[in-house]
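Some notes on the structure that comes next.
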Amino acid sequence: MLLLWPALLFLLSLIFTTVPPNTGEYYLSSFFTLNYQKAGYMIFFLVALIMGLYTKVKPVLAGLTVMLFFALISIYEATRFRTSHNLIPFEFIFFAVFSLPVVAGVFIGNLVRYFQGKK
């Protein structure tokens, strides 16, 4: 499941024709956050909704995988470029906000599946 989100972000970069930024300190994090904007939120929500409908994934686990993906990129850049990502704890809070559409999508999918099973 962890590889689903990066693959989806790469697919979004092809759809939105996002040009990768110049190499430098924030190369990866800026590339992925550029692709995870408005339409990206909706696509992630829809994929998570489908995941919640057809699998028994827990919403928090799905959200943590999205958060972990962005956190790993920041940790990599912080170790590679010592002057970048000085406020990593605050970045983790933003990554938690990034995972909210996924958590909501899986939760709603699980809820719909639960009510369909009750009929």
Side-chain angles (χ1 to χ4, degrees):
M1 181 169 49
L2 182 61
L3 295 178
L4 171 72
W5 308 119
L8 193 57
L9 280 170
F10 280 121
L11 182 66
L12 288 176
S13 70
L14 293 174
I15 293 170
F16 299 143
T17 60
T18 305
V19 178
N22 295 332
T23 58
E25 291 188 26
Y26 297 104
Y27 176 75
L28 288 172
S29 58
S30 61
F31 176 67
F32 285 116
T33 54
L34 280 174
N35 291 322
Y36 194 65
Q37 299 298 325
K38 299 170 189 165
Y41 290 139
M42 290 304 297
I43 292 171
F44 267 60
F45 175 79
L46 291 174
V47 169
L49 182 70
I50 292 168
M51 244 171 54
L53 283 171
Y54 296 107
T55 65
K56 293 185 179 184
V57 173
K58 305 231 181 296
V60 173
L61 180 65
L64 281 175
T65 57
V66 172
M67 186 174 164
L68 179 67
F69 174 69
F70 285 109
L72 286 175
I73 290 172
S74 289
I75 290 170
Y76 165 74
E77 288 181 343
T79 55
R80 177 120 163 87
F81 305 105
R82 297 286 181 190
T83 58
S84 68
H85 299 281
N86 300 348
L87 303 171
I88 277 193
F90 295 110
E91 289 182 28
F92 288 162
I93 293 170
F94 286 114
F95 300 149
V97 172
F98 284 176
S99 69
L100 287 179
V102 173
V103 171
V106 171
F107 179 76
I108 292 170
N110 285 341
L111 202 63
V112 168
R113 190 186 61 211
Y114 172 76
F115 284 121
Q116 282 180 346
K118 265 192 138 174
K119 288 183 180 181

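Everything quoted here is computed from the prediction, not taken from an experiment.
Considering only heavy atoms from C-beta on, F92 stays 4.5 Å or farther from F70 through its side chain.
When hydrophobic clusters are built by joining Ile, Leu, Val, Met, Phe, Trp and Tyr residues whose side-chain heavy atoms come closer than 4.5 Å, directly or via intermediates, V106 is not grouped with V103. F69 and V102 end up in the same hydrophobic cluster when Ile, Leu, Val, Met, Phe, Trp and Tyr side chains are linked at under 4.5 Å. Under a hydrophobic-cluster definition in which Ile, Leu, Val, Met, Phe, Trp and Tyr are linked whenever side-chain heavy atoms come within less than 4.5 Å, directly or via other members, L100 and M42 are assigned to different clusters.
The main-chain N or O of A96 is found under 3.5 Å from a side-chain atom of S99 such that the two form a donor-acceptor pair. Put simply, the side chain of N110 gets close to the backbone of V57: a donor and an acceptor are under 3.5 Å apart.
Remark: R113 CZ to I108 CD1 distance equals 13.5 Å, nearest 0.5 Å.
Scanning for side-chain contact (heavy atoms from CB on, under 4.5 Å) contacts around F94 gives an empty result, with sequence neighbours left out. Considering only residues two or more places apart in sequence or on other chains, Y54 meets the side-chain contact (heavy atoms from CB on, under 4.5 Å) condition with I50. The side-chain contact (heavy atoms from CB on, under 4.5 Å) test applied to L53 returns V112, not counting sequence neighbours. Under the rule for a side-chain contact (heavy atoms from CB on, under 4.5 Å), the partners of I93 that lie at least two apart in sequence or sit in another chain are F90.
When all heavy atoms of S74 and F95 are compared, the pair lying nearest together is OG-CZ, 3.2 Å.
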